[in-house]
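Below: one structure, written as structure tokens.
None of these values were measured; they are calculated from a predicted model.
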Amino acid sequence: MTTASPGQDPLQERISALPAQPGVDLFKDAQAGILYVGKAQNLRTRVRSYFVRGGDGRFRVHLLVPQITDVEVVATANVKEALLLENQLIKKHKPRFNVRLRDDKNYLALRLDPSQLYPRFTETRRFQRDGAIYFGPYTSSNSLRRTLGALQRIFPLRTCSDSVMKSYRKRGRPCLEHAVGRCAAPCCDLISDEAYARLVQGATLFMKGQVSDLLSELGVQMEAAAAEERFEEALRLRDRIQAIERTVERQSMVSTRMVDRDVFGLARDGARLEVQVLHVRQGKLLGGNAYSFRDVRLSDGDALDSFLSQFYAGDRDLPGEVLLPIDVDGREALEGIWRERTGRAVALVIPQRGDRRQLIQMAERNAALSLLERTRREEDTDGRLEALRELVGLPNFPHRIECYDISHLHGAFSVGSRVVFVDGKPHKSEYRRYKLRETDPGDDYAGLREVVRRRLARLETEPAPDLLLLDGGKGQLNVVRAVLADLGVHDIPLASLAKERDLDAASPRVRRHGGSKREKLFLPGVKDPLELKPESPATLLLQRVRDESHRFAIRYHRELRSKAGLRSILDELPGIGPVKRRALLRQLGSLERIRNATEEQLAAVRGISRPDAAMIVRFFAELRNEPPPAEDPRAAD
């Protein structure tokens with residue numbers, strides 16, 4: 001950084017020394033954190049525009065500029081390189097003033113690998129350059145499976161994996177899919193390789209939208225089969241032609257041109273931004289996806305520019321046209337990168353009239369509807385959080401809720417779990433699993449004490465919860481309350497949720513796992529638990545958080561059980577030390593015999609008491625039966 005002259009602003013001096021060439025700018029705050037990452041054709045001009053009087057007119061730039069204490073730039077050879085670098089830096093630093101696109105988990109496609117002996121359609125979430133053919137995108141798993149179901153009725157390709165197919169080949173009998181006409185059963189040689197290849201070819205043409213070519217080819221095959229008096233085959237081909245024609249009639253045409261397009265629409269409400277993407281393939285509208293962003297401090301053009309560079313990063317399928325409602329600064333750079341990636345032109349168009357403009361308007365209407373629905377959902381969530389704040393008497397709005405649970409099997413494989421809900425939604429990246437290291441087997445209170453101590457040791461690096469919730473009753477509450485007091489932590493609200501065990505209670509009950517139980521909420525300093533109203537928003541939110549914590553703990557507990565070998569399982573038997581283990585092995589001879597021994601056989605071993613024998617039998621019985629989560633052995637609330 002250039003040294004500032006006396007009395008001159010060091011930041012302004014830094015800006016004046018920036019190069020007048022393409023690159024990426026990174027604005028930093030007083031703690032050297034990255035506030036914003038941008039790209040520019042001319043770094044000096046671009047950065048300077050932020051600091052002129054009134055900024056450059058973009059949305060909320062006035063909120064960004066006062067926080068900037070330093071700027072770092074990375075010069076590149078051209079804008080295309082700057083665009084790629086900007087995308088990488090946004091993913092790395094996650095600046096809060098940038099629009100960040102999370103992985104699109106709803107982006108689905110069908111994959112067909114022609115290199116397989118008997119190709120089949122499989123679901124996937126990623127396009128890859130692996131020689132396979134990909135069809136999509138599909139806006140939901142339901143739409144994909146509806147398409148696949150219709151396709152299997154017309155072209156009955158196999159649906160099973162290679163290993164399952166081998167098992168049916170060994171048995172010499174096809175599966176139920178063949179009986180209902182949805183599989184040609186190549187596993188049992190009920191179709192020739194040539195005929196199966198024709199099915200694959202027909203399905204590929206159908207999925208690519210080349211229906212006229214497909215119908216012509218099937219017509220030729222039908223006439224040839226009829227001429228050779230293969231009437232059953234001719235009848236099947238006729239039915240296939242009619243099924244294709246009916247299916248095509250039901251599809252929604254938005255263009256007479258057989259073109260692939262992605263159509264983008266925007267809707268905005270203050271700092272909330274909704275981006276809607278409609279997918280048109282072969283002139284047919286397949287549906288769309290909505291992407292929601294909060295606290296967006298960029299103009300619509302900058303936000304869309306950043307969104308596009310992230311949306312088409314990686315192996316995402318690129319159509320022939322991308323329709324936008326407004327122009328973006330990186331338009332030429334995007335087109336250049338896409339051409340290099342696909343080997344063909346990808347037009348980025350801002351239509352002003354005609355059919356393409358109507359598609360933009362459709363996308364904008366859908367974005368507005370999606371934004372309204374999201375706002376309604378968030379208001380519902382805010383209502384639940386406010387109800388919970390009033391119920392527990394919290395000093396602040398419970399944005400962050402953490403819940404802890406302990407799970408074990410007669411003291412063995414003891415684990416703890418933490419789940420985190422942020423603004424009423426699971427925040428799975430912050431879930432944690434704890435393998436208990438210091439706790440005696442079967443001591444739930446000590447396990448909870450250990451887990452909470454380990455959590456509180458990280459208060460400097462992880463934000464404190466607005467509510468710390470426990471799965472349990474007054475005992476669990478008092479244990480954690482003592483831990484907080486010992487560590488001098490007095491500002492974390494605490495509560496414990498337990499199921500009512502009085503099955504004869506006359507008041508309204510909440511159905512849990514098929515039984516009728518009420519919920520009780522224990523609070524510090526309150527003698528009697530609060531009896532929650534079954535359908536109240538606060539109760540439903542507490543139950544969801546507690547049940548998620550229980551599910552997460554049980555899952556980890558079972559993972560440990562499934563990974564453990566028999567010898568390590570024997571080591572996990574609570575109350576059975578080395579002397580008793582050696583006695584069991586010496587008298588019964590093997591680990592497998594210990595597993596299958598009766599209570600009498602075990603009690604006959606020297607040093608093994610009747611309670612020890614009963615516990616060992618019960619332990620292995622439950623280990624074999626894999627009880628449902630509601631019946632897992634747990635300490636009483």
Side-chain angles (χ1 to χ4, degrees), residues 392 394 398 400-421 426-427 430-459 462-501 512 519-526 529-530 542-561 572 574-575 629-637:
V392 183
L394 300 175
R400 181 184 177 95
I401 303 172
E402 296 182 8
C403 186
Y404 294 84
D405 189 21
I406 303 295
S407 180
H408 59 80
L409 177 65
H410 294 298
F413 308 110
S414 296
V415 299
S417 73
R418 178 187 86 180
V419 300
V420 178
F421 276 57
H427 205 61
E430 297 198 36
Y431 283 19
R432 295 293 181 268
R433 318 190 294 185
Y434 302 89
K435 189 171 183 180
L436 302 183
R437 301 189 293 251
E438 308 163 3
T439 303
D440 292 335
D443 191 340
D444 274 22
Y445 292 160
L448 192 58
R449 186 182 300 113
E450 176 185 340
V451 167
V452 173
R453 281 184 177 275
R454 288 164 64 178
R455 162 63 179 103
L456 295 177
R458 303 179 63 86
L459 278 179
E462 295 183 11
D466 298 308
L467 175 63
L468 198 157
L469 182 66
L470 307 172
D471 181 6
K474 181 170 283 188
Q476 282 83 354
L477 182 79
N478 289 335
V479 164
V480 175
R481 189 181 180 187
V483 172
L484 293 173
D486 290 344
L487 297 177
V489 179
H490 304 292
D491 55 352
I492 296 181
L494 185 63
S496 187
L497 185 66
K499 296 186 183 75
E500 173 63 69
R501 294 186 176 274
R512 305 298 302 168
E519 299 283 4
K520 299 184 296 183
L521 187 68
F522 295 85
L523 299 174
V526 180
L530 303 180
L542 287 170
Q543 286 175 335
R544 186 184 178 199
V545 176
R546 188 269 316 279
D547 292 347
E548 177 71 355
S549 175
H550 182 62
R551 179 201 65 79
F552 192 57
I554 289 293
R555 179 180 176 183
Y556 183 39
H557 170 72
R558 286 181 171 172
E559 282 182 16
L560 294 182
R561 286 164 55 176
E572 291 283 352
E631 298 174 5
D632 267 323
R634 303 169 57 78
D637 292 335

Short N-O contact, Arg544 and Glu548, less than 4.0 angstrom:
no
Only one of Tyr431, Phe421, Tyr434 passes ring-ring contact (aromatic ring centres under 6.0 Å, His included) with Phe552, and that residue is Tyr431
With distance as the sole test, does Asp466 use its side chain to make a donor-acceptor pair with the main-chain N or O of Arg400 at under 3.5 Å?
yes
Nearest heavy atoms of Phe522 and Pro529, plus distance in Å
CE2-CB, 3.6 Å
Will you find, in the side chains of Tyr404 and Gln476, an N or O donor that is under 3.5 Å from an N or O acceptor?
no
Could you tell me whether a side-chain N or O of Ser496 sits under 3.5 Å from a main-chain N or O of Lys474, the two making a donor and an acceptor?
no
Check whether any side-chain heavy atom of Leu494 sits under 4.5 Å from a side-chain heavy atom of Arg481, and report yes or no.
yes
Do you know which two heavy atoms are closest between Glu430 and Val420, and how far apart they sit?
O-CG2, 3.6 Å
Correct closest heavy-atom pair for Pro493 and Pro465 would be CD-O, 4.4 Å
Any residue meeting salt bridge (Lys or Arg N to Asp or Glu O under 4.0 Å) with Arg455, in chain and number order, not counting sequence neighbours
Glu402, Glu462
Return the CG to OG distance between Asp471 and Ser417, rounded to the nearest 0.5 Å.
8.0 Å
Side-chain donor-acceptor pairs of residues 483-492 under 3.5 Å, sequence neighbours excluded:
none

Under the side-chain contact (heavy atoms from CB on, under 4.5 Å) test against Ser549, which residue among Ile406, Val419, Leu469, Leu470 passes?
Val419
Nearest heavy-atom neighbours spanning Pro524 and Leu477
N-CD2, 3.7 Å
In this structure, CG of Leu521 is separated from CZ of Arg546 (nearest 0.5 Å) by 10.5 Å
